[in-house]
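So you know, we letter chains A, B, ... as the sequences are listed, proteins then strands, and number each from 1.
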Amino acid sequence: MFVILGDDGILFSLKMSNFFQIIKKEKIAPNGFLFRIKAPEVALHAKPGQFFVLRVNERGERIPLTLVRWNRRSGTIDFAFQVIGKTTHLLSKLKEGDFLKDVLGPLGRPSEIKYYGTVALLAGGFGAAAMLPIANALKEAGNNLVTILGARSKDYLILEKELRRLSSKIYVMTDDGSYGIKGFVKDGLEMASREYDIAHAYVIGPAIMMKFTVAACQELGIPNTVSLNPIMVDATGMCGSCRVNVGGKTYFACVDGPEFDGSQVDWNLLLNRLSAYLNEEKHSYELFLKKKGVLPRGKEKKA
Amino acid sequence: MAKKKRPERQKDKSIPFKERISTFKEVPLGFTVRQALLEAERCLECKRPRCIEGCPVSVPIKDFIQLIKKKEYLKAAEKIKEKNALPAVCGRVCPQEDQCEKVCLLAKVDKPVAIGKLERFAADYEAKKLKEPKKPDVKKVSPRRNIKIAIIGSGPAGLTCAADLALMGYRVTIFESLHEPGGVLTYGIPEFRLPKRIVRREVNYIKSLGVELKLNHAIGATLQLDELFERGYEAIFIGVGAGLPQLLNIPGENAVGIYTANEYLTRVNLMKAYLFPGYDTPIKIGQNVVVIGGGNVALDAARTALRLGARSVTIAYRRTENEMPARIEEIEHAREEGIIFRFLISPVEFLADDNNVLTAIKFQLMELSEPDESGRRKPVPVPGKFETLPADLAITAIGTKANPLITKTIPGLKLNSKGYIEADEFGRTSREGVFAGGDIVTGAATVISAMGAGKNAAQAIQEYILKKYQIKQKI
Ligand SMILES: Cc1cc2nc3c(=O)[nH]c(=O)nc-3n(C[C@H](O)[C@H](O)[C@H](O)COP(=O)(O)OP(=O)(O)OC[C@H]3O[C@@H](n4cnc5c(N)ncnc54)[C@H](O)[C@@H]3O)c2cc1C
Ligand SMILES: Cc1cc2nc3c(=O)[nH]c(=O)nc-3n(C[C@H](O)[C@H](O)[C@H](O)COP(=O)(O)OP(=O)(O)OC[C@H]3O[C@@H](n4cnc5c(N)ncnc54)[C@H](O)[C@@H]3O)c2cc1C
Ligand code: FES
């Protein structure tokens with residue numbers, strides 16, 4: 001066991017640095033959870049904008065998730081995820097006290113935090129989770145924050161309270177109008193831009209949401225930063241699965257990003273690459289749900 | 001007494017063809033005891049054995065072959081291990097035809113002794129007989145047991161360095177960024193060429209020497225190198241390989257269906273995508289697969305694609321067969337399996353449909369130039385001559401570079417113009433207490449040369465520590 005001194009002067013033990021135990025599990029939306037896990041090395045080195053990779057079990061895929069909060073003293077990290085396929089489903093079934101098989105991080109370049117003036121935070125769905133640490137850092141750097149939070153409906157909004165606390169104004173948008181204003185994030189941006197002189201925007205959410213929101217930013221002449229989420233394998237720059245095209249050049253999002261200038265991103269390529277394995281993923285998930293008895297047998301499609 | 005006629009060079013059997021191209025089972029079966037004895041018989045027992053000079057780690061080849069002749073198979077394995085901690089691996093993947101077997105005296109009049117197959121035989125024999133590899137005695141009470149040494153990367157360079165230092169009595173920790181140890185042996189070289197149980201066995205052996213393995217630690221991300229010094233490691237060996245895939249930089253290279261060999265092989269080998277959906281990581285099954293490159297990596301990718309169910313697999317190489325850097329045995333195997341070889345063509349563009357899915361690859365036809373000063377003939381374009389090959393899956397295997405994840409995060413570490421770490425033959429770098437070896441110093445090379453570098457560095461680390469402590473004692 002070793003006892004080490006963190007850069008904020010806190011002593012703690014790294015004996016358990018290879019055991020990634022789930023400390024807290026919270027359902028934050030009908031389709032998603034917030035986990036707190038032990039991962040002292042990751043907590044010690046995490047910075048806003050970074051992510052990590054996890055594996056649920058021995059046969060599992062490596063999936064990247066964004067770091068939402070971290071505590072050096074207790075050696076824990078928080079992350080939020082929505083259930084969309086087999087791995088996130090398996091993850092959602094784990095209980096407090098259970099262990100994750102592997103955790104690697106922190107990965108990716110941290111956000112370049114600086115003073116802009118007024119910054120618009122445009123978050124769609126679970127993008128709000130990725131936005132939180134960036135919002136904190138931007139606030140600390142003296143920026144005035146205007147947040148536009150979008151979700152399908154009221155129940156799907158996450159971290160509204162936390163983001164509201166940091167923002168001088170928050171626009172909550174729902175697709176169905178069940179809460180806040182009916183509309184998309186880009187509609188909220190148009191409203192905000194009438195009230196504020198927005199110097200910069202951070203856009204984080206599903207790729208399709210980022211594509212349209214960035215287009216809206218461009219129309220309004222607002223420079224913007226996005227956090228890209230291509231399919232990753234190692235997430236250390238070794239494989240090139242995460243290739244994205246930005247400004248006509250190829251980058252590896254896991255090490256060169258995940259943050260890029262949104263106006264330079266080839267969105268269609270990203271969307272196409274994200275759906276490269278749709279058939280395989282669907283096949284795998286349905287097979288799994290059938291085995292669990294969630295889907296009736298014989299209903300799954302062949303990949 | 002009449003001189004016995006020399007037996008013919010023995011050839012081991014392969015698994016049945018049908019099983020071979022549809023499964024990931026190891027292809028060559030290795031020598032039977034009878035074959036090994038016949039092959040060992042062929043050794044001339046030269047006074048000055050050139051084979052040993054041809055081996056980057058100087059395995060006592062003559063001695064171990066003599067032991068096989070005497071049917072002392074276990075001792076033969078031990079003999080090899082005096083110099084080479086991973087004989088079962090090297091017997092399978094070393095380019096013997098460019099090393100020991102190339103300089104074998106017998107090659108002048110006949111085919112060289114099958115040294116690689118004999119090495120594999122001895123190692124496999126030991127594995128069959130002994131549940132656990134025999135451990136050399138580690139001095140239990142060593143004055144060095146409290147000196148901690150960090151190894152970064154668990155490929156052949158890191159594993160060898162770790163093993164040697166553990167045997168000297170140091171407390172060794174390996175930091176590996178992936179969730180499995182072994183480096184390219186685990187994520188790159190496929191099961192049908194190097195079964196993973198062999199890699200696991202070697203790794204377990206190294207762990208049994210007391211080496212601690214910390215997976216999921218990417219140095220430069222999870223921890224900085226200097227933090228390792230702060231945590232009490234006295235010396236650090238960097239053996240992180242050349243893990244950055246080179247891209248072609250031609251139009252369309254990011255279309256769906258184009259993989260780097262690193263991604264393709266990592267998905268299949270490390271993530272076991274060939275067992276999808278039993279394992280969760282998917283892989284595309286191509287109909288028409290084109291692999292670009294001509295080395296071991298290209299061949300591994302091509303033969304993998306075939307086993308996954310591709311209808312046709314073509315290797316497109318811009319030089320000719322003579323220049324292919326792959327092992328001869330692999331080229332032979334690939335041919336037997338029905339891989340198509342296209343020489344003197346070089347890709348210029350990937351063509352895709354509206355959804356960015358690969359449909360074809362446009363190639364420039366090439367020819368070989370007159371030999372240059374080094375005698376090498378360069379491929380040059382034949383003006384105006386192009387050919388388009390249909391493809392729904394392409395794999396680029398055109399080399400790797402240094403991954404800057406770690407090298408760029410170490411202040412004061414000198415890199416060469418290509419981004420590799422500058423180190424002398426003992427792995428000493430521009431930073432005190434920091435050593436490096438393997439592909440991260442030489443660029444992509446071989447398993448055995450990485451092991452040699454790990455060995456040399458272990459020696460240099462020992463010298464460094466001894467010197468450091470003598471100085472400390474004087475004070
Ligand atoms: C840098 C980064 C940060 C991310 N942060 C978050 C986060 O904070 N919260 C969150 O809910 N999601 C996040 N994601 C997305 C998350 O990784 C995917 O939702 C997850 O991998 C889906 O896995 P699955 O097996 O459940 O679904 P699958 O059925 O396998 O896939 C569903 C979809 O997810 C995407 N996906 C699949 N595998 C991967 C992979 N290995 N890497 C990346 N995307 C993949 C594909 O577009 C796929 O169509 C992030 C992605 C990246 C790249
Ligand atoms: C597909 C393929 C086939 C090959 N076939 C042959 C063959 O037949 N014969 C032969 O002799 N050679 C072959 N080679 C080459 C040979 O495998 C390499 O030369 C050799 O593995 C290099 O060893 P290494 O220890 O330097 O690095 P690697 O084997 O690359 O291992 C480096 C390790 O370091 C880890 N790492 C990287 N960065 C970090 C970090 N920042 N922190 C912690 N860990 C890190 C990596 O994950 C990896 O596990 C082949 C290579 C490939 C890719
Ligand atoms: S995920 Fe492999 S290089 Fe980025």
Side-chain angles (χ1 to χ4, degrees), chain A residues 2 4-5 14 17-18 20 39 41-42 44-45 50 52-53 55-63 85-87 90 101-108 233-245 250 252 255 266 268-269 271-273 275-277 279-281 283-285 287-288 303, chain B residues 148 177-180 187 213-218 220-224 227 230-232 241 243-247 249 253-267 270-273 275-285 352-357 396 400 403-406:
Chain A
F2 40 160
I4 62 152
L5 201 61
L14 285 174
S17 68
N18 272 330
F20 310 109
E41 292 286 12
V42 186
L44 179 61
H45 298 92
Q50 289 189 299
F52 71 102
V53 164
R55 250 179 16 129
V56 173
N57 60 39
E58 200 50 63
R59 298 177 165 219
E61 200 174 358
R62 293 168 71 96
I63 68 159
K86 182 173 173 188
T87 306
L90 282 170
K101 181 73 184 60
D102 298 291
V103 169
L104 169 69
L107 300 169
V233 183
D234 64 301
T236 59
M238 182 268 266
C239 78
S241 163
C242 61
R243 305 203 293 289
V244 292
N245 195 320
T250 298
F252 288 7
V255 284
D266 182 339
N268 289 341
L269 183 74
L271 286 161
N272 289 331
R273 284 186 67 88
S275 46
Y277 298 98
N279 287 334
E280 289 85 353
E281 287 153 358
H283 175 58
S284 153
Y285 196 22
L287 209 68
F288 167 76
Chain B
K148 298 201 299 176
S177 69
L178 292 172
H179 59 261
E180 292 272 0
Y187 79 72
L213 194 56
K214 279 183 176 275
L215 302 172
N216 297 310
H217 281 70
T222 308
L223 272 171
Q224 300 302 320
E227 286 179 273
E230 285 162 28
R231 291 183 189 186
L244 182 74
Q246 217 148 328
L247 300 178
N249 291 317
E253 69 180 348
N254 296 331
V256 174
I258 305 175
Y259 289 95
T260 68
N262 268 16
E263 180 185 353
Y264 193 73
L265 292 169
T266 300
R267 279 180 182 272
L270 178 70
M271 306 310 297
K272 305 242 182 299
L275 300 172
F276 179 86
Y279 280 69
D280 292 339
T281 304
I283 185 99
K284 286 273 158 207
I285 311 296
D353 66 14
D354 292 344
N355 294 320
N356 276 316
V357 177
T396 59
T400 53
N403 188 333
L405 184 71
I406 175 160

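Side-chain contact between A/R59 and B/K272: absent, with no pair of heavy atoms (C-beta onward) separated by less than 4.5 Å. Contact annotation: the side chain of A/V255 approaches that of B/L405 to within less than 4.5 Å [non-hydrogen atoms, C-beta and beyond].
To the nearest 0.5 angstrom, B/L247 atom CG is 6.0 Å from A/T250 atom OG1. Here the CG atom belonging to B/D280 is positioned 11.0 Å from the CD atom belonging to A/E281, to the nearest 0.5 angstrom. Atoms CG and CG, on A/N268 and B/D354 in that order, are 10.5 Å from each other to the nearest 0.5 Å. Atom CZ of B/R267 and atom CZ of A/R62 lie 11.5 Å apart (nearest 0.5 Å). In this structure, the separation between CZ on A/F52 and CG on B/N216 is 11.5 Å, given to the nearest 0.5 Å. For the atom pair B/N254 CG and A/C242 SG, the distance stands at 10.0 Å (nearest 0.5 Å).
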Q: I would like to know whether A/E41 and B/R231 meet salt bridge (charged side-chain N to carboxylate O under 4.0 Å, His left out); could you show each step before the answer?
A: CA-CA 13 Å; A/E41 292 286 12; B/R231 291 183 189 186; 2.7 Å; yes
Q | Verdict with supporting geometry, B/Y279 and A/E58, side chain to side chain contact (heavy atoms under 4.5 Å, CB included) | A | CA-CA 9 Å; B/Y279 280 69; A/E58 200 50 63; 5.6 Å; no
Q) Does the side chain to side chain contact (heavy atoms under 4.5 Å, CB included) test come out yes or no for A/N272 and B/V357, once each step is laid out? A) CA-CA 8 Å; A/N272 289 331; B/V357 177; over 6 Å; no
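Just one residue in the list A/L104, A/L107, A/L44 forms a side chain to side chain contact (heavy atoms under 4.5 Å, CB included) with B/T222, and that residue is A/L104.
Proximity to chain A is absent for every atom of B/Y264, based on heavy atoms less than 4.5 angstrom apart. At a 4.5 Å heavy-atom cutoff, the contact between B/L223 and chain A is made by backbone and side-chain atoms alike. Interface remark: A/V244 contributes backbone atoms only to the contact with chain B (heavy atom separation under 4.5 Å). Looking at B/A352, there are no atoms closer than 4.5 Å to chain A (heavy atoms on both sides), in backbone or side chain. For chain B, no part of A/I63 is nearby; none of its heavy atoms comes within less than 4.5 Å.
Taking every heavy atom of both residues into account, A/P106 and B/A221 meet most closely at O-CB, 3.5 Å. Minimum heavy-atom separation, A/G60 to B/M271: O-CE, 3.5 Å. For the pair B/N403 and A/M238, the tightest heavy-atom approach, listed with the atom from each and the gap, is ND2-N, 4.2 Å. Of all heavy-atom pairs between B/L244 and A/F252, the closest is CD1-CE2, 4.0 Å. Counting all heavy atoms, side chain and backbone alike, A/E280 lies closest to B/F276 at O-CZ, 3.2 Å. When all heavy atoms of A/R243 and B/I258 are compared, the closest pair comes out as NH2-O, 3.1 Å.
Residues passing the side chain to side chain contact (heavy atoms under 4.5 Å, CB included) test with B/P277, sequence neighbours excluded: A/H283, A/S284, A/L287.
Of the listed residues A/G85, A/G240, A/G237, the one with more heavy-atom pairs under 4.5 angstrom with chain B than any other is A/G237. Chain B forms more heavy-atom pairs under 4.5 Å with one residue of A/A235, A/G108, A/S275, A/G105 than with any other, namely A/G105. Ranking B/G278, B/G220, B/S177, B/G241 against chain A, the residue ahead of the rest is B/G278, based on heavy-atom pairs under 4.5 Å.
Comment: A/R55 does not engage B/E180 in a salt bridge, judged by the lack of any side-chain N to carboxylate O separation of less than 4.0 angstrom.
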